[in-house]
Amino acid sequence: MLEKNYNPKDFEEKIYADWEISGDFKPDMRSDKDAFSIVIPPPNVTGVLHMGHALNDTLQDILVRYNRMLGKKVLWQPGTDHAGIATQMVVERNLAKEGISRHDLGREKFIETVWKWREKSGGTICKQLRRLGASCDWSRERFTMDEGLSRAVRKIFVSLYKDGLIYKAKKLVNWDSKFMTAVSDLEVIQKETVGKMYYYKYPIEREKGEYIHIATTRPETMFGDTAVAVSKDNEKLKHLIGKNAILPIVNRPIPIIADEHADPEKGTGAVKITPAHDFNDFEVGKRHNLPLINILNPDATLNENTPFPGMDTQTARKKTIEKLEELGLMERIEDHPMVIPYGDRSGVVIEPLLTDQWFVDAPTLAKEAIRAVEEGEMEFVPKSYEKTYFEWMRNIQPWCISRQLWWGHQMPIWYGPDGTIFCEENEEEAKAAADKHYGKKVELTRETDVLDTWFSSGLWAFSTLGWPDKTEYLDTFYPTSVLVTAFDIIFFWVARMMMMSMYKMKRVPFAKCYIHGLVRDEHGQKMSKSKGNTVDPMETIEKYGADALRFFMAAMETQGRDINMSESRIAGYRNFATKLWNAARFGEMNQCLSQPDFDENSVKHPVNKWIVAKAKEATKEVTDNLNNFRFSDAANAVYQFTWGSFCDWYIEMIKPLLYGEDESAKSETRAAFAWVLDRILVILHPFMPFITTELWNNTASRQVKLIHAPWPKEEKIDTAAMNDIDWAIELISSIRSLRAEMNLPAGAKLTAYLKGASETSLKNMHAFSNIICSLARLEKLDALQGEVTPDMVQSVFREATVLLPLKGVVDFAAERERLRKELDSLNKNLEGYARKLSNPSFVERAPAAVVAEEKRRQAEAMENKSKVEEALQRIANF
RNA sequence: GGGUGUGUAGCUCAGUGGUAUGAGCACUACGUUGACAUCGUAGGGGUCGCUGGUUCGAUCCCAGCCACACCCACCA
């Protein structure tokens, strides 16, 4: 017996454990059906589940469960990401509590500590994914730092290096002074701030009283200036070109050069050029062969190339200004809106810094990645994201992959005594290569830099399947079927996976890429810890059940839009689960048992025929929409059917049958009920796996587990049977509504009321009374088939127009006006139809079906016109 | 500066070239009839951002405008 109340906590975890223990998430490798695979976007090993994961993983689980029920070989490959900076940060923070820094431990010990930490705390998010119901094959769980994946990383790295696609270069990079590492462009967040613009002047060499006026937001960088640029078209300043300015305080002469970078309209028209600390200036420096002077230490304090070694930039800025003021060179300071780059993890200002770093030749790798999308080998859903992807890929810059961290994949690079680079997959090979190169044994030192986390993530689609080994899984599941991810990760991950996969596998990593939005708070604000508007999915699950949260995510997921969190809506879907639970209880109480040999096509009673047809219609809608990644439409179809058709109408309509005397109708109805409930459980299962499984297990003894139950194949839908009752429902609804409008006493029979009505009104209700008779039949629910026709319902509406004014409910004049307007509009339409149909080119050239449709519409409009005229006629009497 | 998207009921959002059968929540009235008050029945509530154009007909297509959001690049 089912419990009286739906209480998800009673069974969700138990059911999940059963699936996992029974190996229900593992693909059936012996099956000859198609493969379907998804690799999970690996959450950070430090992560805890947030609503974004809940959305992302719910969508994947829906696809995975649906395809599993289609009988395919399904693999959902799970795992976590080592998340270089994030993880190192967490562990360092823990150490700091004990007063230890990573430098106290040393590299090796520190890495050991990270591994230990991961053992202990790294599994949180995977546990939480289980709670959500994610049907990943956990036996295949991977971690980007696993030996297998690390091997893949080394192999790709060496291959890229040997193909000349990875190189070392001294370049200006984004430097994070907190972690003291380079970061990629993507890891830099630009933030709007109101800063200051400083105006001051540099004296001109050997020309007393002559100055060049400079404007800058960062005066302290002047010690790295190696030129001042002006535009050659700048009439006011071009006479200075070729002369030298004297850099104050340090009294270093620097040339005044002509460069198009200097915009005469901006600032003072003259730009100080600091090639080692500004990306634009770096380019100017290259054009003019300027020296590069680095003025910063790795921790962003000034170095010995400045008068203020060891000082942080803010203090140095003040000092510089003071000095300039003392020298009488400072002119003014203004507020200035500007954008300052910050590290996305560290939150500190990112400094452009000149260092040796390693780069991937992204522009070259991007070519194939672009082509694959252009030629449709990989499709974005929604398609509009293609544009974003192309835009980024076509303007891609070399990707800085080296990080001066400890936690991550150490680069497979060894240096010989003279600095010669040996890039091999392991130390032995590097040594061998070095021996060969030098003709003798030499000592090698390994590069200490580690790789950007996204380097290993880029290989995820094939490294998790066993590459570089040839494995059955790689063979079966690569390329994967679809990648599901949020738009903010397109550049970080999707683009890199595409590049890496096209490079090494020569095939796309996934056939489709479904992009969803972000989960925001209920007012559309981005969720963030600092705003305090985050909602913890675990708490939501605790309160409403995982099914309710999942269904919410599915029902809200319309392609390409962000989702606003709404607790009331989640509660609504919990209520939906309750509704289904109670419907199942109703079935149980009425002995509606699933019958194995039941043929749903053999039902006789109109109500049963109707619900069977409706169930098939809903199935088709769910199927079609899931095939097209239309999650909300799919979820709504099953919701509407279950609540709107099955619970609201079917159950009410079969009560007289179940409580009645007709035994054959009764047994047919019981079986039909059970069949429909089973159907609901099947098509709802991908969305609400827990409650459906619980009901499946408790309403009958089953041959198959619901998780493996076959998804219904395409079915013929008896539309005639469906229409009969659909019309009846519309009819009943309209009559109920009418009753309310007429203020009938509660419980009064409409027929009784009509008996008491005046002759005149009854006269006008000829058609209406027909419907009342139909209603009477309906309530008995016999001989229903074919009794209620669209015409009857039409007449209800028509007659209502007349009836309502009678009772003073509707304003007569307004009603007349409305009808006149309708008549006008119909006349206009009729003109249009007539014109179109008398146009020879339309009649001759348009497809026959279109012309027929036009004629049908014309006929319909004519009919409507006469009805409206008739109504107007009648209304005229009142 | 470049790009993308959004503007529909009180709120959050679906949707469509043919009178908006819109959904959930909120609201109002009535109702504890034997699945369900985590419920039922009914109701109120919309100039579908503004202005033009195409069309017999536009909320939907096109153009312009207004407002908002996001992404990319830059600002000495």
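Scope of the values below: all heavy atoms of this structure, side chains included, with no hydrogens, waters or symmetry mates. Throughout, protein chains are lettered first and strands after them, A, B, ... in sequence-line order, and every chain is numbered starting at 1.
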Exercise for the section: Give A:Ser566 one of three labels, base, sugar-phosphate or nothing, depending on what nucleic acid heavy atoms sit under 4.0 Å from its own. Expected result: nothing
Fill in the blank from the handout: Using Watson-Crick geometry (N1-N3 plus N6-O4 or O6-N4) or G-U wobble (N1-O2, O6-N3), each under 3.5 Å, B:A23 is paired with B:U12
Exercise for the section: With heavy atoms under 4.0 Å as the rule, sort A:Met197 into base, sugar-phosphate or nothing. Expected result: sugar-phosphate
Completion exercise
Paired to B:G64 by Watson-Crick or G-U wobble criteria (both distances under 3.5 Å) is B:C50
Practice task
Check every strand shown and say whether A:Arg394 touches a base, only sugar-phosphate, or nothing at a heavy-atom separation below 4.0 Å.
Solution key: nothing
Fill in the blank from the handout: Separation of B:A14 atom P from A:Asp562 atom CG, nearest Å, is 10 Å
Problem - Polar contact flag, side-chain donor to acceptor under 3.5 angstrom, A:Glu557-A:His516 - result: no
Exercise for the section: Classify the nucleic acid contact of A:Tyr573 as base, sugar-phosphate or nothing, counting any heavy atom under 4.0 Å across all strands shown. Expected result: nothing
Got a list of protein N/O to nucleotides 38-40 of chain B N/O distances below 3.5 Å?
residue	atom	partner	partner atom	Å
B:U38	O4'	A:Asn575	OD1	3.4
B:U38	O2	A:Arg574	NE	3.0
B:U38	O2	A:Thr578	OG1	2.3
B:C39	OP1	A:Asn575	ND2	2.6
B:C39	O3'	A:Lys579	NZ	3.3
B:G40	OP1	A:Lys579	NZ	3.4
B:G40	OP1	A:Trp643	NE1	2.7

Handout entry: Whole-Å C1' distance, B:G57 and B:A20
Key = 15 Å
Exercise for the section: Take atom C1' in B:G22 and the same atom in B:G15, then report the distance between them in whole Å. Expected result: 7 Å
Problem - Proximal nucleotide (of B:A35, B:C13, B:A23) relative to the A:Arg561 side chain - result: B:C13
Handout entry: Under 3.5 Å on both distances, the Watson-Crick or G-U partner of B:C70
Key = B:G3
Problem - Nucleotide opposite B:U33 in a Watson-Crick or G-U pair, distances under 3.5 Å - result: none
Handout entry: d(OH, A:Tyr385; P, B:U4) in whole Å
Key = 13 Å
Fill in the blank from the handout: Ranking A:Glu391 and A:Ile563 by the position along RNA chain B of their nearest nucleotide, the one closer to 5' is A:Glu391
Problem - A:Asn698-A:Glu694 side chain donor-acceptor pair, cut-off 3.5 Å - result: yes
Problem - Of A:Phe631, A:Tyr573, A:Phe690, the residue whose pairing with A:Phe551 passes ring pair (Phe, Tyr, Trp, His ring centres under 6.0 Å) - result: A:Tyr573
Problem - Pairwise P distance for B:U8 and B:U51, with rounding to whole Å - result: 16 Å
Handout entry: Option among A:Asp278, A:Asp259, A:Asp225 that satisfies the salt bridge (Lys or Arg N to Asp or Glu O under 4.0 Å) test with A:Lys272
Key = A:Asp225
Handout entry: A:Gln591 atom CD, neighbour heavy-atom count above 12 within 6.0 Å
Key = yes
Practice task
Using the P atom as the reference point in each nucleotide, state the distance between B:G5 and B:G43 in Å, no decimals.
Solution key: 39 Å
Practice task
Indicate, with a heavy-atom threshold strictly under 4.0 Å, whether A:Ser632 touches base, sugar-phosphate, or nothing.
Solution key: nothing
Fill in the blank from the handout: Residue pair A:Asn280/A:Gly587 against RNA chain B: nearer the 5' end by closest nucleotide is A:Gly587
Exercise for the section: For B:A42 versus B:C25, give the span between their P atoms, rounded off to a whole number of Å. Expected result: 15 Å
Handout entry: Rounded P spacing from B:G46 to B:U33 in Å
Key = 35 Å
Handout entry: Test item: side-chain donor near acceptor, A:Tyr544 and A:Glu567, under 3.5 Å
Key = yes
Handout entry: Parallel, tilted or perpendicular: ring planes of A:Phe576 versus A:Trp643, cut at 30 and 60 degrees
Key = parallel
Problem - Selection from B:A14, B:U12, B:A35 that lies nearest to any side-chain heavy atom of A:Met556 - result: B:U12
Handout entry: Between B:C62 and B:U6 - P atom distance, rounded Å
Key = 12 Å
Handout entry: Shortest side-chain distance from A:Lys4, nucleotide among B:C36, B:G24, B:C71
Key = B:C36
Exercise for the section: Assign A:Ala270 to base, sugar-phosphate, or nothing according to its heavy-atom contacts below 4.0 angstrom with the strands shown. Expected result: base
Handout entry: Whole-Å distance separating the OH atom of A:Tyr650 from the P atom of B:C36
Key = 19 Å
Problem - Heavy-atom side-chain contact between A:Arg218 and A:Arg317 under 4.5 Å - result: yes
Handout entry: Heavy-atom side-chain contact between A:Glu187 and A:Tyr342 under 4.5 Å
Key = no
Practice task
Please state how far atom OH in A:Tyr639 lies from atom C1' in B:A14, giving the value in whole angstrom units.
Solution key: 14 Å
Handout entry: A:Lys387 side-chain proximity, nearest of B:G3, B:A35, B:A23
Key = B:G3
Exercise for the section: Mind checking A:Arg585 for me? I need base, sugar-phosphate or nothing, with any heavy atom below 4.0 Å counting as a touch. Expected result: sugar-phosphate
Practice task
Give A:Asn636 one of three labels, base, sugar-phosphate or nothing, depending on what nucleic acid heavy atoms sit under 4.0 Å from its own.
Solution key: nothing
Handout entry: Beyond-backbone contact of A:Ile515 with A:Tyr389, side-chain heavy atoms, under 4.5 angstrom
Key = no
Exercise for the section: For the side chain of A:Arg569, starting at C-beta, report the closest nucleotide among B:A35, B:A14, B:G24. Expected result: B:G24
Exercise for the section: Considering only atom P, compute the distance from B:C66 to B:A58 and round it to an integer number of Å. Expected result: 25 Å
Exercise for the section: Name the nucleic acid region contacted by A:Glu522, choosing base, sugar-phosphate or nothing; use a 4.0 angstrom heavy-atom cut-off, strictly under. Expected result: sugar-phosphate
Exercise for the section: Examine B:U4: is either OP1 or OP2 under 4.0 Å from a nitrogen or oxygen in the side chain of A:Ser384? Give yes or no. Expected result: no
Problem - Base-pairing assignment for B:G57 (Watson-Crick or G-U wobble, both under 3.5 Å) - result: none
Practice task
Specify the separation, in whole Å, of atom CE of A:Met553 and atom P of B:G24.
Solution key: 20 Å
Handout entry: Rounded interatomic separation in angstrom, taking CG from A:Asn564 and P from B:C70
Key = 13 Å
Handout entry: Length of the CD-P vector between A:Glu557 and B:U12, whole Å
Key = 19 Å
Problem - Under 3.5 Å side-chain donor-acceptor pair for A:Asn564 and A:Asp521 - result: no
Problem - Interatomic distance where CZ belongs to A:Arg218 and C1' belongs to B:C74 [whole Å] - result: 16 Å
